[in-house]
Structures are given as C-alpha cells and as structure tokens.
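Below, all heavy atoms of this structure are taken into account, side chains as well, without hydrogens, waters or symmetry copies.
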Amino acid sequence: MQEEAYRVILAMCQVGQESDERLAYREAELTGLCEAAGGSVIGVMTQKRTQLDGRTFLGSGKLEELADLVTVNEADLVVADRELSPAQIRNLERVLPCRIIDRTQLILDIFARRAQTREGRVQVEIAQLNYLMPRLTGRGVELSRLGGGIGTRGPGETQLELDRRRIRTRMTHLRKELATIERQRETMRGKRRRGVPVVALVGYTNAGKTTVQSRWVRDKANIEVPEGQNRLFDTLDPTARQVRTKLGNEYVVVDTVGFVEDLPHHLVDAFKATLEETKYADVVVVVVDAGHEPQSHLETTRRVLRDLGALDKPVVTFFNKMDISPNQPGPDVHAVETLYGSAVNDSLDPLYQTVERLLSLDEVRVTLHTHPNDFIWDKLLRNGRIESADPVSSDEWLVTAITSRRDAHLWQQQRRDGSAHEPQDH
C-alpha cells in the first residue's frame, strides 16, 4: 500500500524588489523539493515585506492567516522558503498547529532519503548534525533541566549540554570515517589519472546529467545503465562510467550531485569531497535544463565550480531538453563551446566529438617510421587503424595510420629523433 503524501503548505516571503516572476520560480522549485521529499503541496501563503520578520519570519497578521489555513486544510507540515533561525522556529511552533521546517531542512531530508552509499549517508548525517547543533536551543527549557537525586547536586550537566556533547562525539566519529572513505576515493582517483582522462558532468539538479551519462555509456560502451528520473536530487553519490572512442581509447564520465540555488553550506561542506570529482576532471560538461531558468542555473553552477577551484579546465555547456524548451538560450560566453540538444530524443554525437577533441582523443592521421616489434606498432593495432605499411629496411617500416591526437603527441615527445611526422587533422 502506497504511503499517503504529507499535506504541505508553503510559507513564502517576497522581500524587497523581488519580481513576481522570480517569486513564482522559487515557489515552483520549493514545490518540486516537497514532492521529492514525499509531500503534496495543498496551499501557499505569501507575504510581501521590505525585510523578513526577525521573530516570526512572517508578520503577526499573516501568521494568524497561515495558522487558520493549516487548520482548515488539515495540513501536516509548513515549509518556509528561507532558512529559519532557532528563535523563529520556536516562535512559529507556538502559533502553528503543525510542524514547520525550512528549505534547508527539506533539502537535508531529501538527501537523507536518496543517499545510497556509505559515503553519502555519512555526508548527509554530518550535514544534519551541523544543522541541528545551533537549533537545540529552539526546543525550549525542557532540554536544559538539571538531573536530580544523590550524586547529581551541584552544577552537573544540563540535558542541552549532554545533547550537544553527544552530537560533537558523533560528528568526530563520522568525520574520521569520512576521512577514511576520502583516502580510498583519492586512491581511486589516482588510478584513474594514470593516463585515463576524466569528464565530469555537473549542473543544477534535475538538468538531466544522469540521463546524459546513461546515453553516453550506451552509445560509447554499448552498455545499458539506468536513466535518471525526473525528480530533484536523483543522484547524490557520484558514479564513474568508463567509455571508449571509436579507436578504443578509454576515458571516464563522472555523474555528480546536482546543485541548487543557495545550496545549504552544511551540504556544501559535507559533500566537498564528492564535489571535488569535478576539480580533478580534465573536462567539465555543464548540463543545463534549457526550459527552466537556464541563465540562473548556469550562474549557480559556475559559482559552485568557482568555489571548488574547478574553472581551470575546458568547460562545455550543454543545453539539454531542447525538445520541450520553448526558446533557445543564448550561448554561454564563459564556455569553450555551447551545444544544444536532448539527451532523450537527439543524437549526442556533437557532444561526444567536442569532448573527445578537448581530451585530444579526436582522430588524426600520422606518418612515422616504426617496426612490428615497436610499442607504437602494438598501440596502433589496439587503439588505431593502420592504413598502409611499407618496409623501408629490414628493421624499419613507413606507416600511415589513424590514431588519437593524444597518442600522436605522446609519441612525438618520446621519439626525439624526428622520425615521427607532425599529425594532420583527419
């Protein structure tokens, strides 16, 4: 039997000069987050203010309206569209006849539901405890009672202090565990970096990164992998898939956790090791949903990449979902190339070709002197195509072949005797 969805009311605050279009976008995003967490939005309460109320988030009159709306609709939960302070949560809980959480707590809940690996679960728990620690005071004096009885007189330890100590102890344990996992991940990165290029798919949540990766693997490795689902934060744990060019050269495509505007810093800190997959990539592909605030999503993604120090490499922007987008966004002036298409309905060959060219895995024709026992000959048989081979002497052949630009440049460096000629574009 399917679990009944939580009945949710959104509490929105339109602050200052925020436009109605921007407010509508934030409402749609928050609705999507609620649905991703298993909730059903049954109402929205919006107030326009010059600034947020420091005590209760909304003004007193609007708060009474919200309480009535909750009662009439028998709502289970109110979700505020901004992060609430401990005092605001405490004051709101005194007025509202149901629980209230903020946008940050909602995102943390989604991450907790979706994390599959041990690393993901540890990262989420660290973020949740970071969020909870300053909010313990929001529960009132009942957590600050002193123990009673023999041996407990004097200062003692309050329940609040005990809770905080337990959280700190748990976080210390989790951080040690995460450090061990990070060392293992760094070892895996080191193995991948031994001559195997890496492509990182990054972008706003639900832009289609997982679907792009699954298409990439299907087209370039002939392997079927699950496609992404149409929901926010479908992927939390990065997945690395190995693919091959037509000549057989290997490279890795990594799918990463999606970004969101104003991603809670608790999550950014906790998932830093995961996001650093992007930092160590050779090429970054930014996947953007062309039909939903593409420029805003692009700015959010670029801001996160800048914070990670991951903008020191070629960046390709791929506007996805063009089959259902009403307009074509303008090109990304910060990217080395901007591409358009649909990971579901279009050929992604232009994307593959662009990335392989940036990785120097595009095909070139070379003419060089080698012999059947040379490593170059063996490499051409495995990852190339020999077009002609003519013996020049008993131990030397003149070979014309198709290989990757990467291998051609490597051979030029290794053979300083000038026998390898400059590769030509193929």
Asker: Taking the side chain from N73 and the backbone from A75, do they hold a donor-acceptor pair closer than 3.5 Å?
Answerer: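 No.
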Asker: Is the backbone N or O of D332 less than 3.5 Å from a side-chain atom of T338, with the two atoms forming a donor-acceptor pair by type?
Answerer: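 Yes.
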Asker: Among residues at least two apart in sequence or on other chains, which ones pass side-chain hydrogen bond (donor to acceptor under 3.5 Å, both in side chains) with E35?
Answerer: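 Result, side-chain hydrogen bond (donor to acceptor under 3.5 Å, both in side chains) vs E35: none returned.
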Asker: Going by side-chain hydrogen bond (donor to acceptor under 3.5 Å, both in side chains), name the residues that satisfy it together with D20, two or more places apart in sequence or in a different chain.
Answerer: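 D20: side-chain hydrogen bond (donor to acceptor under 3.5 Å, both in side chains) contacts with Q14.
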Asker: Establish, from distance only, whether the side-chain atoms of S19 and R22 form a donor-acceptor pair under 3.5 Å.
Answerer: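 Not at all, the side chains of S19 and R22 share no donor-acceptor pair under 3.5 Å.
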Asker: Taking the basic N atoms (NZ, or NE/NH1/NH2) and the acidic carboxylate oxygens, is any pair closer than 4.0 Å for K321 and D289?
Answerer: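 Result for this pair is yes, salt bridge flagged.
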Asker: Determine whether the aromatic ring centres of residues Y25 and H297 are separated by less than 6.0 angstrom.
Answerer: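 Ring centroids of H297 and Y25 are less than 6.0 Å from each other.
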Asker: Got a second to check how far I167's CD1 is from T172's OG1, nearest 0.5 Å?
Answerer: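 These two atoms lie 11.5 Å from each other.
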Asker: Check whether S325 reaches the backbone of M322 with its side chain - one donor and one acceptor, N or O, closer than 3.5 Å.
Answerer: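 Side chain of S325 to backbone of M322, a donor-acceptor pair under 3.5 Å: no, none is there.
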Asker: Go through Y251 and E356 one step at a time and tell me if the side chain to side chain donor-acceptor pair (under 3.5 Å) criterion holds.
Answerer: CA-CA 9 Å; Y251 61 100; E356 289 172 8; 2.8 Å; yes
Asker: For F57, what residues pass the ring pair (Phe, Tyr, Trp, His ring centres under 6.0 Å) criterion, not counting sequence neighbours?
Answerer: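 Counting only residues at least two positions away or on another chain, F57 forms no ring pair (Phe, Tyr, Trp, His ring centres under 6.0 Å).
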Asker: Does D312 have more than 12 heavy atoms from other residues, nucleotides or ligands lying within 6.0 Å of its CG?
Answerer: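 Enclosed: over 12 neighbouring heavy atoms sit under 6.0 Å from CG of D312.
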Asker: Just checking R49: does its CZ atom have more than 12 heavy atoms from other residues, nucleotides or ligands closer to it than 6.0 angstrom?
Answerer: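 Yes, enclosed.
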Asker: The criterion is side-chain hydrogen bond (donor to acceptor under 3.5 Å, both in side chains); which residues satisfy it with E250, sequence neighbours excluded?
Answerer: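 So E250 forms a side-chain hydrogen bond (donor to acceptor under 3.5 Å, both in side chains) with Q242, R244.
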Asker: Apply side chain to side chain donor-acceptor pair (under 3.5 Å) to the pair E29 and Y204, showing each step before the final yes or no.
Answerer: CA-CA 12 Å; E29 182 181 76; Y204 213 81; 2.3 Å; yes
Asker: Please report the C-alpha distance between T169 and R166 in whole Å, then the side-chain angles of each, then the deciding distance to 0.1 Å, and finally whether the side chain to side chain donor-acceptor pair (under 3.5 Å) criterion is met.
Answerer: CA-CA 5 Å; T169 300; R166 285 172 175 167; over 6 Å; no
Asker: Can any side-chain N or O of N249 pair as donor or acceptor with the backbone N or O of L361 at less than 3.5 Å?
Answerer: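 Pair absent, no side-chain N/O of N249 close to backbone of L361.
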Asker: Will you find, in the side chains of T403 and E363, an N or O donor that is under 3.5 Å from an N or O acceptor?
Answerer: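 Not at all, the side chains of T403 and E363 share no donor-acceptor pair under 3.5 Å.
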Asker: Return the set of residues passing side-chain hydrogen bond (donor to acceptor under 3.5 Å, both in side chains) with D68 (not counting sequence neighbours), or none when no residue passes.
Answerer: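 If we apply the side-chain hydrogen bond (donor to acceptor under 3.5 Å, both in side chains) test to D68, skipping adjacent residues, there are no hits.
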Asker: Would you compute the distance between atom CD of Q105 and atom CD1 of I100 and round it to the nearest 0.5 angstrom?
Answerer: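 These two atoms lie 10.0 Å from each other.
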Asker: Quick one: list whatever passes salt bridge (Lys or Arg N to Asp or Glu O under 4.0 Å) with E125, sequence neighbours left out.
Answerer: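 Checked E125 against salt bridge (Lys or Arg N to Asp or Glu O under 4.0 Å); matches are R170.
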